[in-house]
Amino acid sequence: MNASEAEPPAGPGGAGGGELPAVAPQLRALRRRAGLTLEAAARSAGLSPAHLSRLETGQRQPSLPMLLALARIYGTTVSELLGEAAAERDAIVRAADMEPTRAGGWTYLQAGAPGRGMQALRVQVPYGAQGDMVRVHPGEEWLYVLKGRLRLRLGDTAHLLAPGDSAHFDSLTPHRLAAEDHDGVELLFVHTLLQSPTATLCLGPLTGELP
């Protein structure tokens, strides 16, 4: 056990003697919502699986650094980890409010509210950008081709999608997206992983059952 895991045991009535009663069930629920196994989440947080399990069952009280780390990994906030009600989100996203983010040649525009169980994006993929990047991560993905043609590889099978075509697949299936034409391709893209669209749409493979 490293120093970051040396937290005091919970007192009677749950974590920290009842000071953080909502944390334990929230930790497990949010980990599962993020599609992470106990082992994968513990590894990302620098904890042992046994220690994270004790946090999720209320046998240990998490420190603030642990809460911050887990909130980042699960794509949420410390407030939500503590069981506090989330602020009301606007259901409408106006085109004028979509600010583009660029990474690896791709352009991402948020098409949905942040912090929800699904992340909706409008994605512009130029020809030749990240065409050899294979993505494997927890969750599901749905995409719809708006303009251009998309070359989609799922496992060992390649598909060519034209405007109006869509795909819905398990994100643990190795997948690769590339624009077929020199004018690029534009997509509507929805995925269930609560992570940054530019930094963690491509994650290492995670396997195992969710305890």
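The first residue of the sequence shown is numbered 1, and numbering continues consecutively from there. For clarity, every value in this text was computed on a predicted model and none was experimentally measured. Heavy atoms only: backbone and side chains are in, while hydrogens, waters and symmetry mates are out.
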(message) List the residues meeting side chain to side chain donor-acceptor pair (under 3.5 Å) with Glu180, not counting sequence neighbours, and say none if there are none.
(response)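 Per chain and number, Glu180 pairs via side chain to side chain donor-acceptor pair (under 3.5 Å) with Arg151.
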(message) Using the side chain to side chain donor-acceptor pair (under 3.5 Å) criterion, which residues pair with His182? Sequence neighbours excluded.
(response)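 With sequence neighbours excluded, His182 shows a side chain to side chain donor-acceptor pair (under 3.5 Å) to no residue whatsoever.
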With side chains defined as the heavy atoms from C-beta onward, is the minimum distance between [X] and [Y] less than 4.5 Å?
X      : Y      : answer
Glu186 : Arg122 : yes
Leu177 : Val125 : no
Phe169 : His175 : yes
Leu55  : Gln61  : no

(message) We want to know whether Glu140 and His168 form a side-chain donor-acceptor pair, criterion being a heavy-atom distance below 3.5 angstrom.
(response)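 Yes, side-chain donor-acceptor contact under 3.5 Å.
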Starting at [atom1] of [X], measure out to [atom2] of [Y] and round the result to the nearest 0.5 Å.
X      : Y      : atom1 : atom2 : value
Arg43  : Ser48  : CZ    : OG    : 13.0 Å
Gln124 : Leu146 : CD    : CG    : 9.5 Å
Leu27  : Leu67  : CG    : CG    : 7.0 Å
His51  : Gln59  : NE2   : CD    : 11.0 Å
Leu150 : Ser166 : CG    : OG    : 11.5 Å
Leu30  : Glu56  : CG    : CD    : 10.0 Å

(request) Could you tell me which residues satisfy salt bridge (Lys or Arg N to Asp or Glu O under 4.0 Å) with Asp165, sequence neighbours excluded, listed by chain and number? (result)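 In terms of salt bridge (Lys or Arg N to Asp or Glu O under 4.0 Å), with neighbours along the sequence ignored, Asp165 is linked to no residue.
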(request) Only counting residues at least two apart or in another chain, list the ones meeting side chain to side chain contact (heavy atoms under 4.5 Å, CB included) with Ala29. (result)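 Partners of Ala29 under the side chain to side chain contact (heavy atoms under 4.5 Å, CB included) test: none.
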Considering all heavy atoms of both residues, which atom of [X] and which atom of [Y] are nearest to each other, and what is their separation?
X      : Y      : answer
Ala179 : Gly184 : CB-CA, 3.8 Å
Ala42  : Leu52  : N-CD2, 3.7 Å
Ser171 : Glu141 : OG-CG, 3.1 Å

Quick check: does any side chain N or O of [X] sit under 3.5 Å from a backbone N or O of [Y], one acting as donor and the other as acceptor?
X      : Y      : answer
Asp181 : Asp183 : no
Ser53  : Pro49  : no
Arg31  : Leu36  : yes

(request) Using the six-membered ring wherever Trp is involved, compare the ring planes of Tyr144 and Trp142 and label them parallel, tilted or perpendicular (cut-offs 30° and 60°). (result)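 Answer is parallel, since the angle falls under 30°.
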Side-chain donor-acceptor distances from residues 156-163 under 3.5 Å, at least two apart:
none

(request) Give the other cluster members for Val93, using side-chain heavy-atom distances under 4.5 Å between Ile, Leu, Val, Met, Phe, Trp and Tyr residues; answer none if it is isolated. (result)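 Members other than Val93 - counting any ILVMFWY side chain reachable under 4.5 Å - are Met98, Leu109.
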(message) Applying the side-chain contact (heavy atoms from CB on, under 4.5 Å) criterion to Val185, which one of Leu143, Val145, Val123 satisfies it?
(response)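 So, applying the side-chain contact (heavy atoms from CB on, under 4.5 Å) to Val185 and each of Leu143, Val145, Val123, only Val145 qualifies.
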